[in-house]
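This report concerns only the one structure given below.
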Amino acid sequence: MRNKFIQTLTQLAAKHDDIFLVCGDLGYSVLEPFSEQFPDRFLNAGVAEQNMTQVAAGLAREGYNVFTYSIGNFPTLRCMEQIRYDVCYHQSNVKVVAVGGGYAYGPQGVSHHTTEDLAMLRVLPHMTMCIPADAAEAEGAARFMATHKGPGYIRLNKAGEPAVHAQLDTMAPGQFIQVRDGAGTALVGTGAILHAAIRELDAAGKAWAVYSAPFVGSYGADVLKPLAERYERIVTIEEHQLNGGFGASVAEVFSDMFDAGTLKAMPRLKRIAIPNAFTPNGDGRNDIFRPTINHTILAYHFVLYNRYGERIFETFDYGTGWDGTYKGKLQQSGSYVYRIRFTSITGWQSDNNGSVLLIR
Amino acid sequence: MDSVAFAQQIRLKALTLCHTFRTSHIGGAFSIADVVAVLYSGVLSVAPDRVNDPTRDRLFYSKGHACTALYAALDIKGFFEKGALDQNFTKDGTYFTSHINHKLPGIELSTGSLGHALGVACGSALAAKRRKDDYKVFAILSDGELDEGSNWEAILFAAHHRLDNLVMIVDFNKIQSFGSVAEVIALEPLADKMRAFNWDVREIDGHDHDAVTSTLRDARAKPQGKPICVIAHTVKGKGVDFMENKLAWHYKSPVGEDFEAARRILGGSDA
């Protein structure tokens, strides 16, 4: 889909002489169609994403519609403040393009896992976010962003994604695109993981309705109200942390609609995303919560509290973790607060606290 | 009004604003006041009636915390509605924030987070190069903000792209937020660093109006293939003897006898 996006952008650049592409020294064998055809509107800013974004903001204020391009966290989290301040506060015509959304570059390690971008970017005022599910949506994203005034974010996967849509006419923010009809449950996905989810549904023989949500955020009641009323359950799926992502954005709007009386009942909503959590259900995966410390431990103290401030777990033994129970009973799903202090034999002292999510 | 008298008026207004609305950063406003006065005394091609004119020069004021110097200059030059700044500085519901705001006429970019404006200025200068536009781009940076890595990304970039329509002015007052520049993160030899980065470097006394005027006019007039760095050696708190070279005046609002004494020194009339 990244090639389709750049091909489309290159075609559009012939018609729209304000389109400018700036890369952060990435895009080999992808960006050449653009850079060769429009050398005066192409720039390699080097491995310097803060400056890439600043320069883009400077070009934008002089009238260009600037697309910055790099991998995952580099054009986003690395230069978050430039996006917030130079781009969004000034309502600059800058579109951030990240390739390798979610785990598209999985084997390359955590540096390349783009799993917090939606949460961080969707809170920025004026930001319009697009996460194509396939090449057709990538083309739609390029067409939309080529004329969109203001900041934008396009999160691409990489190459060779199977098509979700047989045909796609238009795409607009706030809209869900129906992929297939169904009953009972509606699956709404954003990004390339949608195709994998459809494959799973087929394998399980489930006749759920399926929708694609290429634009994250700004859903209207005209989209969500029929969805909530027509289906018994809604399932969202995304390649992103559970906290603050696409599913969370849907839940927020449902809650606002219920509060405003637009919805008579809160819909059942299941969010499928990457858990920042442990799941003490005995399946051998994430059953015990305990830290991993790369020091030889001399003294150790791990204590954990529930939301009422009760101390429900304590140990001085580094080898022991919390199994999710208190007085023999599995605790309810939710946030728990921990404090972990230790001293290593070399005298290194550490005092950490934070919260962990328990999912049953 | 010559630039020396203008600079004094800027200082007096900045002092009054910091006093009346109990704000900080008078020291950094005073150190750059002379450079700002010279820029708005015929160096920059700007005017209140052409703030959106594409041919105007662009000034990117990166040390947004020293807002009172720029606000005062723009106010005196008629960019703001008469009396608006004096009444509304830092007031809720207005854009006279104590870090400069681009929603005010004559201000190109909101700043306040350090290390942003030089890169944006590079984008603006590059656009002029690509389109063969004649406007010039100026950026005023503090010395402390040269600690920001983003500035050094921009410094590499400007030299690589030969942005000779870009003039970076460093207000080198030698004091940053929590100590002297030499103590916190030493910049010296700054001129050598900038030369090594392939910039055309001019070192001047940032309070000598003749030197500032000739250097900035020359920098504006003659593009020679390299971006220009003007290192303005300045004194934090310049103009009021008891504020000079004192870290405290990065923070303190001038009140009571301090305010009265400073006003007298700057030639203000009695209250």
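Naming convention: chains lettered A, B, ... in sequence-line order (proteins, then strands); numbering from 1 in each chain.
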Greater than 12 external heavy atoms within 6.0 Å of [X]'s [atom1]:
X         : atom1 : value
Asn52(B)  : CG    : no
Arg220(B) : CZ    : yes
Tyr95(B)  : OH    : no
Arg56(B)  : CZ    : yes
Asp134(B) : CG    : no
Gln108(A) : CD    : yes

### Message
Less than 4.5 Å to any heavy atom of chain B: does that hold for the side chain of Tyr85(A), its backbone, both, or neither?
### Response
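Contact with chain B is through the side chain of Tyr85(A) alone.
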### Message
Would you say that Arg130(B) contacts Leu43(A) through its side chain, given a criterion of any heavy-atom pair below 4.5 Å between the two side chains?
### Response
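In contact.
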#### Entry: Backbone N/O of Val120(B) and side chain of Arg61(A): donor-acceptor pair under 3.5 Å
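Here the side-chain-to-backbone pair does not exist.
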Least distance between heavy atoms, [X] atom then [Y] atom:
X         : Y         : answer
Glu153(B) : Glu49(A)  : OE1-N, 4.1 Å
Gln50(A)  : Ser150(B) : OE1-CB, 3.4 Å
Gln82(A)  : Gly115(B) : NE2-O, 4.4 Å
Asn51(A)  : Gly119(B) : OD1-CA, 3.2 Å
Gly123(B) : Leu59(A)  : O-CD2, 3.4 Å

### Query
Of the backbone (N, CA, C, O) and the side chain (C-beta and beyond), which part of Lys129(B) lies under 4.5 Å from a heavy atom of chain A, both, or neither?
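Neither the backbone nor the side chain of Lys129(B) comes within 4.5 Å of chain A.
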### Task
Can you tell which part of His116(B) gets under 4.5 Å to a heavy atom of chain A, answering side chain, backbone, both or neither?
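When you check distances to chain A, atoms from both the backbone and side chain of His116(B) fall under 4.5 Å.
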### When His161(B), His160(B), Arg58(B) are compared by non-hydrogen pairs under 4.5 Å with chain A, the top option
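Winner by heavy-atom pair count: Arg58(B).
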### Query
Atom SG in Cys122(B), atom CD in Gln54(A): separation rounded to 0.5 Å?
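One gets 8.5 Å once the value is rounded to the nearest 0.5 Å.
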#### Entry: Spacing of Glu81(A) atom CD and Leu114(B) atom CG [to the nearest 0.5 Å]
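Separation between the atoms: 9.0 Å.
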### Query
Taking it one step at a time, do Tyr89(A) and Asn101(B) satisfy side-chain contact (heavy atoms from CB on, under 4.5 Å)?
CA-CA 10 Å; Tyr89(A) 184 58; Asn101(B) 197 298; 2.8 Å; yes
### Task
Heavy-atom pairs under 4.5 Å with chain B are the metric here; pick the option from Val22(A), Val47(A), Val55(A) that has the most.
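Among the listed options, the one with the most contacts to chain B is Val55(A).
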